[in-house]
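Remarks on the structure that follows.
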Amino acid sequence: MTSTPAQPTRARRVLFVHQNFPGQFKRIAAHLARDPAYEVLAIGKEGCPGLPDVRTLTYKLHRVQAKETHHYARPFESGILHGQACLRVLLALKEKGFVPDVIVAHPGWGDTMFVREAFPDARLVHFSEFYYHTDHADVGFDPEFPNNIDDRARVRAKNALQLLNLEACDIAVAPTRWQKSLHPKPYQDKIALIHEGIDTTYLCPNPAASFTLPNGKVLRPGDPVVTYVSRNLEPYRGFHTFMRALPAILADNPGCDIVLAGGDGVSYGARPAGAGNWREKMLAEVAIDASRVHFLDRIPFARYRELLQVSAAHVYLTYPFVLSWSMLEAMACGCLVIGSDTAPVTEVIRDGENGLLVDFFDTAAIAATVSRALRERERWMPMRARAVESIKAGYAVEEGIAGYRRLIDAAAL
């Protein structure tokens with residue numbers, strides 16, 4: 001009696017959706033793309049970076065939200081427009097025979113609002129990055145930028161899209177406990193805690209590192225170098241506070257160099273009144289020695305790593321908001337991070353153990369802590385080593401990949 005040959009197992013189809021693909025999915029998407037057990041595709045907005053090994057389809061909005069739309073409702077209308085544009089791509093994929101088993105998406109812009117109309121049976125995994133609040137988070141945190149009742153109503157209305165996203169998905173992911181805790185309690189049981197992770201093999205201390213400034217000066221580990229990094233230089237990441245601490249830092253440490261890397265756009269919040277960007281705004285307010293304070297734009301990742309590796313004191317300030325990769329990357333590179341005593345920074349930095357915490361608004365305390373870091377560099381070496389170990393133990397990219405794999409592979413159960 002002859003046996004029937006076993007049918008080959010079809011590769012599991014995984015579709016990533018992210019307006020700025022790959023975004024938070026860079027590691028897991030690249031990992032799955034190298035595994036023949038998976039067929040990986042992605043959808044992003046036109047102009048997204050993409051990944052070399054992942055075929056990425058893009059959508060384009062046919063219009064933006066109308067000026068006539070009530071300003072509370074404009075984010076929701078924008079979400080509908082993004083969802084509609086993405087749906088067209090989803091339907092074209094379906095017509096060509098690609099039906100995903102799992103869809104992993106950042107739904108914050110509305111891309112997956114209508115995904116169930118195309119693929120009702122796919123397992124939908126949403127990255128739930130942030131749920132807006134009018135108190136006890138970013139809104140109203142900074143008294144320099146007070147909010148009014150109109151602002152609060154607009155912020156509350158933004159959660160209409162977030163609620164639809166939570167309702168639609170099979171399971172969601174939040175990268176920190178605090179970010180998870182912001183979501184409504186009835187939904188928290190369906191939110192898994194998974195940080196996408198930091199590549200601690202690439203991002204690590206290097207005593208032989210060097211960083212060349214635009215003026216030709218070469219910085220090396222052990223030099224009195226203060227670093228500050230943000231995608232954009234803006235108040236949400238404490239740029240205004242840090243700038244106000246610079247005169248005291250420069251006066252107390254005449255041999256130090258201060259290096260700031262970041263763009264002049266706005267990722268969060270608004271542009272300043274009376275200036276083109278926040279750098280111009282703060283330079284008009286604060287007198288500094290331009291020969292010792294070096295403003296860099298966004299820099300290539302390899303150069304960014306070198307900057308962290310030569311840092312003697314790395315300042316990371318943030319409103320209670322989404323945690324930046326840069327703080328974790330700085331710790332992985334062995335920086336002494338001086339972080340704001342705000343959530344979710346305090347979830348990672350244990351004051352006096354693997355970093356130092358300061359009041360977000362206390363410029364004198366920030367300056368004094370930076371000066372201590374520069375004067376007593378040997379004292380902080382064990383703390384820097386513990387920072388590296390804490391990232392390896394709790395935020396390594398391998399753990400992030402494993403966490404996402406568990407969610408994706410659950411579709412086969």
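Count residues from 1 along the sequence.
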Can you tell me if [X] uses its side chain to pair, donor with acceptor, with the backbone of [Y] under 3.5 Å?
{"X": "D351", "Y": "L357", "value": "yes"}
{"X": "D142", "Y": "E144", "value": "yes"}
{"X": "N232", "Y": "E234", "value": "no"}
{"X": "R384", "Y": "G334", "value": "yes"}
{"X": "S181", "Y": "W178", "value": "yes"}
{"X": "H133", "Y": "L182", "value": "yes"}
{"X": "D257", "Y": "V225", "value": "no"}
{"X": "R123", "Y": "L407", "value": "yes"}
{"X": "T342", "Y": "T318", "value": "yes"}
{"X": "S390", "Y": "R386", "value": "yes"}

Establish, yes or no, whether a centroid distance under 6.0 Å links the rings of [X] and [Y].
{"X": "W278", "Y": "Y268", "value": "no"}
{"X": "F360", "Y": "F141", "value": "yes"}
{"X": "F145", "Y": "H240", "value": "yes"}
{"X": "F301", "Y": "Y304", "value": "yes"}

So do [Y] and [X] actually touch side chain to side chain, heavy atoms under 4.5 Å?
{"X": "F119", "Y": "L124", "result": "no"}
{"X": "N277", "Y": "K281", "result": "no"}
{"X": "L356", "Y": "W380", "result": "yes"}
{"X": "L51", "Y": "F16", "result": "no"}
{"X": "Q24", "Y": "W325", "result": "yes"}
{"X": "D199", "Y": "R27", "result": "yes"}

Is it true that [Y] and [X] share a donor-acceptor pair across their side chains at a distance under 3.5 Å?
{"X": "T134", "Y": "R156", "result": "yes"}
{"X": "Y59", "Y": "D111", "result": "yes"}
{"X": "N165", "Y": "Y187", "result": "no"}
{"X": "Q19", "Y": "H106", "result": "no"}
{"X": "S326", "Y": "E329", "result": "no"}
{"X": "H82", "Y": "K45", "result": "yes"}
{"X": "Y316", "Y": "S324", "result": "yes"}
{"X": "R405", "Y": "Y38", "result": "yes"}

Exercise. What class does the angle between the rings of W109 and H18 fall in, given that below 30° is parallel, 30 to 60° is tilted and above 60° is perpendicular?
Worked result: tilted
Exercise. According to the interplanar angle, ranging from 0 to 90°, do the rings of H183 and Y131 count as parallel (below 30°), tilted (30 to 60°) or perpendicular (above 60°)?
Worked result: tilted
More than 12 heavy atoms from other groups under 6.0 Å of [atom1] on [X]:
{"X": "K190", "atom1": "NZ", "value": "yes"}
{"X": "Q188", "atom1": "CD", "value": "yes"}
{"X": "H136", "atom1": "NE2", "value": "no"}
{"X": "R55", "atom1": "CZ", "value": "no"}
{"X": "E376", "atom1": "CD", "value": "yes"}
{"X": "R292", "atom1": "CZ", "value": "yes"}

Exercise. Going through the checks in order, is the side chain to side chain contact (heavy atoms under 4.5 Å, CB included) test met by F130 and Q162?
Worked result: CA-CA 8 Å; F130 199 73; Q162 311 310 321; over 6 Å; no
Test: [X] and [Y] ion pair at under 4.0 Å:
{"X": "R12", "Y": "D409", "value": "yes"}
{"X": "R220", "Y": "D223", "value": "no"}
{"X": "R152", "Y": "D135", "value": "yes"}
{"X": "R13", "Y": "D101", "value": "no"}

For this session: I would like to know whether D170 and R116 meet salt bridge (Lys or Arg N to Asp or Glu O under 4.0 Å); could you show each step before the answer?
Result: CA-CA 11 Å; D170 293 292; R116 292 297 190 195; 2.9 Å; yes
Problem set entry | Nearest non-hydrogen partners of R298 and G263, listed with the distance |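 Nearest heavy atoms, R298 then G263: CG-N, 3.8 Å.
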Seminar exercise, completed: Taking every heavy atom of P175 against every heavy atom of L193, the minimum-distance pair comes out as C-CD1, 3.9 Å
Exercise. Atom SG of C333 and atom CD of E306: how far apart are they, to the nearest 0.5 Å?
Worked result: 10.5 Å
For this session: Run the numbers on I401 and E398 for side chain to side chain contact (heavy atoms under 4.5 Å, CB included), then give the verdict.
Result: CA-CA 5 Å; I401 288 173; E398 292 80 7; 5.8 Å; no
Exercise. Taking the six-membered ring of Y202 as reference, does the NZ or CZ atom of R305 fall below 6.0 Å from its centre and within a 45° cone about the axis?
Worked result: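 Verdict for Y202: a cation-pi partner in R305.
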For this session: Quick one: do E77 and R63 satisfy salt bridge (Lys or Arg N to Asp or Glu O under 4.0 Å)? Show the steps, please.
Result: CA-CA 11 Å; E77 184 184 10; R63 69 171 178 86; 2.9 Å; yes
Seminar exercise, completed: In I28, V40, V125, T112, the residue satisfying side-chain contact (heavy atoms from CB on, under 4.5 Å) with V104 is V125
Problem set entry | Intermediate values then yes/no, side chain to side chain contact (heavy atoms under 4.5 Å, CB included), D341 and T346 | CA-CA 6 Å; D341 190 6; T346 53; 3.1 Å; yes
